[in-house]
Protein chains: 2
Amino acid sequence: MDAKNLLKGHIAKVTQLTDAEFDHCFAQFKLRQFQKGQAVVTAGDMADEEYFVVSGCLKTFFINEDMKMFILQFAMPTWWASDYHALYERTRATINVDSVTDAVVLSITNDDREKLCRDFHNLEYFFRWRTNRGYVASQKRLLSFMNNNVKFRYEEFLKLYPDVYNIVPKNLIAAYLGVSRETLSRLYNT
Amino acid sequence: MDAKNLLKGHIAKVTQLTDAEFDHCFAQFKLRQFQKGQAVVTAGDMADEEYFVVSGCLKTFFINEDMKMFILQFAMPTWWASDYHALYERTRATINVDSVTDAVVLSITNDDREKLCRDFHNLEYFFRWRTNRGYVASQKRLLSFMNNNVKFRYEEFLKLYPDVYNIVPKNLIAAYLGVSRETLSRLYNT
DNA sequence: GATGGCGGGTGACCTAGATCACATTTGCCT
DNA sequence: AGGCAAATGTGATCTAGGTCACCCGCCATC
C-alpha cells in the first residue's frame, strides 16, 4: 500500500475526515526514506518532527554515559516515533531515533501538526486517541518491568511483537528488555 | 482554593474557555470525598470515571498474584488518576486507585468527558495536552528504571516529589520505586 | 584470500537487591 | 494509660542477572 492510503486508513479507523480534509492534512507530510542504520533524530540536536512509519522499522532509544543503549520503542508500519519530550517542550532531543531496516516514513513538523489539530477538530481527536494508547501501553510496560523477571518479559515480547522479533537482531531485543545480551542469549538456550 | 477554581486555573494554563463554557464543563463533574484508605477504583469492577485531585493524595496501583503492590502514580492536587486502560477500552479495571490521605476529588465519567471534548475543541486540546505530558513522564520513568539503580531512583524521587515524600509512608515509596521496603530502609541509613 | 566488524554463544565470577526472620518504634483506638 | 497494629530497622542468607573474557561464524570490502 502507498504511504497516503496507509495513513488515510490508519486515521479512518479512529475518526472521519472528508477526502478534501485528509488531502489538506496529507499535504503537510513529507515522504522520506532512510537506510538501515541511518539516524532520524539525534540526541543533542533540535527535533521538531515526528514520523509515521510506512515501511521498515525504526527504533527509539537512549544512550547513557556508559554508552549503553536502552530501547524505548520499535516502530513498525503505522506506528509513530519521535522524541516527544523535545517536541512538546521545544528543546533539544535527549533520545535518538534511527532505522533498524531500510524504511519509508512520513514526517510532519510539530508546528504543522498543531496547526492541523487546531483546524480540524477530528484530527485533534485522532492525536488525543493516539497518545492515550501510547500512554496506556507505556504504563503497562512499566508495570511489567516492576512485576516480571526477564524470562517472562522476553516471552511477553515474543507474543506481542512476533514480527519485530523476526526482523531485529537479538542485541536490540536485549536493549528493549533492559537486559544484557548474554543473559538474553542464555534464556532461549535454557 | 475551592474545587471549581482549582480546575479552572488548571485548564486555563493550557487553553482558553469562556466562563460560560467552563461552567458547562464543570457541571459534568461531581465533587466527592474519600477517607484515608478508601477505595476509589477497584480491580475487577467496572471503571467509568476519572478523578481530578483537589486536596489530599490518591495512589494508582497494581496487586500481583503474590499480593505484592506496585504503585504507578501518586496523584497530588491538580493531578488526574484512573485506570485509563479500563476507561478507554470499557473493560473492567485491572488496577486500583485509593486514597493515601483523606481526599477531595472531582469525578467525571468517560462518556461525559468524551462528550465535552466533542462539544469544546479547546477542551479536547486540553486533554490531548494532558495525556501527552503523562506519556512523556511515563517514558521517562521507564528509562530511569532501565538505566538507574534503586539509590539513584530514590534520590530522583525525592527531588521530583518532595511533597509526596513527606506525606506517604515509606513502604509505599518502596512500592513506587519497585524495590523491597527493607532495601529502601537500608538506603537512607547507608 | 586476508581483514575486520558485527552478531551471537558460553564459562567464571561478582553484586544489587530479594527474602526471611525477628526486634523496635510509632501511633491510633478504646 | 494501655494495648494492638502498622510502620520501620537490621542481620543473615540467597539468587537473578550483570560483567568480563574469550570464542566462533558470517559476509562485506579491499
Side-chain angles (χ1 to χ4, degrees), chain A residues 35-39 57 59 61-71 74 96 98-102 141-158 164-190, chain B residues 35-39 56-57 59 61-71 74 98-102 141-158 164-190:
Chain A
Q35 294 179 311
K36 179 176 175 172
Q38 197 179 342
C57 177
K59 71 175 191 280
F61 62 104
F62 175 76
I63 305 279
N64 76 0
E65 327 77 60
D66 305 332
M67 296 286 100
K68 211 166 143 179
M69 178 200 299
F70 301 95
I71 295 179
F74 292 109
N96 309 270
D98 75 6
S99 37
V100 175
T101 64
D102 287 354
R141 188 166 164 213
L142 186 62
L143 214 44
S144 186
F145 240 93
M146 297 204 268
N147 196 5
N148 305 125
N149 64 15
V150 178
K151 180 156 198 176
F152 189 95
R153 296 207 310 279
Y154 168 67
E155 282 156 8
E156 194 176 49
F157 177 83
L158 288 190
V164 175
Y165 181 76
N166 293 319
I167 288 176
V168 166
K170 304 246 196 307
N171 59 339
L172 295 188
I173 310 260
Y176 179 89
L177 294 174
V179 76
S180 70
R181 56 163 205 85
E182 293 95 329
T183 298
L184 182 62
S185 163
R186 283 173 181 119
L187 273 185
Y188 44 69
N189 301 338
T190 319
Chain B
Q35 294 179 310
K36 178 174 173 171
Q38 199 180 339
C57 177
K59 70 174 193 279
F61 61 103
F62 175 75
I63 305 278
N64 76 0
E65 327 77 61
D66 306 331
M67 295 287 99
K68 211 165 144 180
M69 179 199 300
F70 301 94
I71 295 180
F74 292 109
D98 74 7
S99 37
V100 175
T101 65
D102 288 353
R141 188 165 165 214
L142 186 62
L143 214 45
S144 187
F145 241 93
M146 296 204 269
N147 196 6
N148 303 126
N149 64 13
V150 178
K151 179 155 199 175
F152 190 95
R153 297 207 309 278
Y154 168 68
E155 282 156 8
E156 193 176 50
F157 178 82
L158 288 189
V164 176
Y165 181 75
N166 294 318
I167 288 177
V168 166
K170 305 246 195 308
N171 60 337
L172 295 189
I173 311 259
Y176 180 91
L177 294 174
V179 76
S180 71
R181 57 163 204 86
E182 293 95 328
T183 299
L184 180 62
S185 164
R186 284 174 181 117
L187 273 185
Y188 45 69
N189 300 339
T190 317

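Heavy atoms only: backbone and side chains are in, while hydrogens, waters and symmetry mates are out. So you know, we letter chains A, B, ... as the sequences are listed, proteins then strands, and number each from 1.
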Residues which pass side-chain hydrogen bond (donor to acceptor under 3.5 Å, both in side chains) with A:Asn149, listed by chain and number, not counting sequence neighbours:
none

Might you confirm whether atom CD of A:Gln35 has over 12 heavy atoms from other residues, nucleotides or ligands at distances under 6.0 Å?
no

B:Met69 CE to B:Ile71 CD1 distance, which is reported to the nearest 0.5 Å:
5.5 Å

For B:Tyr154, is the NZ or CZ atom of B:Lys151 found under 6.0 angstrom from the centre of its six-membered ring and inside 45 degrees of the ring axis?
no

Which is it for B:Phe74 and B:Phe61 under the side chain to side chain contact (heavy atoms under 4.5 Å, CB included) test, yes or no, and what are the steps along the way?
CA-CA 9 Å; B:Phe74 292 109; B:Phe61 61 103; over 6 Å; no

Taking the six-membered ring of B:Tyr188 (Phe, Tyr or Trp), confirm whether the NZ or CZ of B:Lys170 is under 6.0 Å from its centre and within 45° of its axis.
yes

Remember a base hit wins even if backbone is also touched, and classify A:Gly37 as base, sugar-phosphate or nothing at under 4.0 Å, heavy atoms.
nothing

Categorize B:Lys36 for me: base, sugar-phosphate, or nothing, with a 4.0 angstrom heavy-atom threshold over every strand shown.
nothing

Value in whole Å for how far the P atom of D:dA7 lies from CD1 of B:Ile167:
16 Å

Taking only side-chain N and O atoms of B:Tyr188, does any of them lie within less than 4.0 angstrom of OP1 or OP2 on D:dT8?
no

OP1, OP2 of D:dT19 versus side-chain N and O of A:Ser180: anything below 4.0 Å?
no

At how many degrees, to 10°, do the end axes of the helix from C:dG1-D:dC30 to C:dT30-D:dA1 meet when each uses five pairs?
40°

Ignoring hydrogens and angles, state whether a donor on the side chain of A:Ser144 or A:Glu156 is under 3.5 Å from an acceptor on the partner side chain.
yes

Could you tell me how far apart B:Leu187 (CG) and D:dG9 (C1') are, to the nearest whole angstrom?
13 Å

Using a 6.0 Å distance limit plus a 45 degree cone around the ring axis, check whether B:Arg141 lies over the aromatic ring of B:Tyr176.
yes

Reading DNA chain C from 5' to 3', where do the contacts with chain A start and stop? Cut-off is 4.0 Å to heavy atoms.
C:dG7 to C:dA12

To the nearest Å, how far apart are B:Arg181 CZ and D:dA7 C1'?
8 Å

Enter the distance from B:Phe145:CZ to B:Leu177:CG here, rounded to the nearest 0.5 Å.
7.0 Å

Using the closest heavy atom to pick a nucleotide of DNA chain C for each, name whichever of A:Val168 or B:Glu182 lands nearer the 5' end.
A:Val168

Kindly indicate whether the side chain of B:Arg186 and the base of D:dG11 share any N or O donor-acceptor pair separated by less than 3.5 Å?
yes

Would one find a side-chain N or O of B:Asn171 under 4.0 angstrom from OP1 or OP2 of D:dA7?
yes

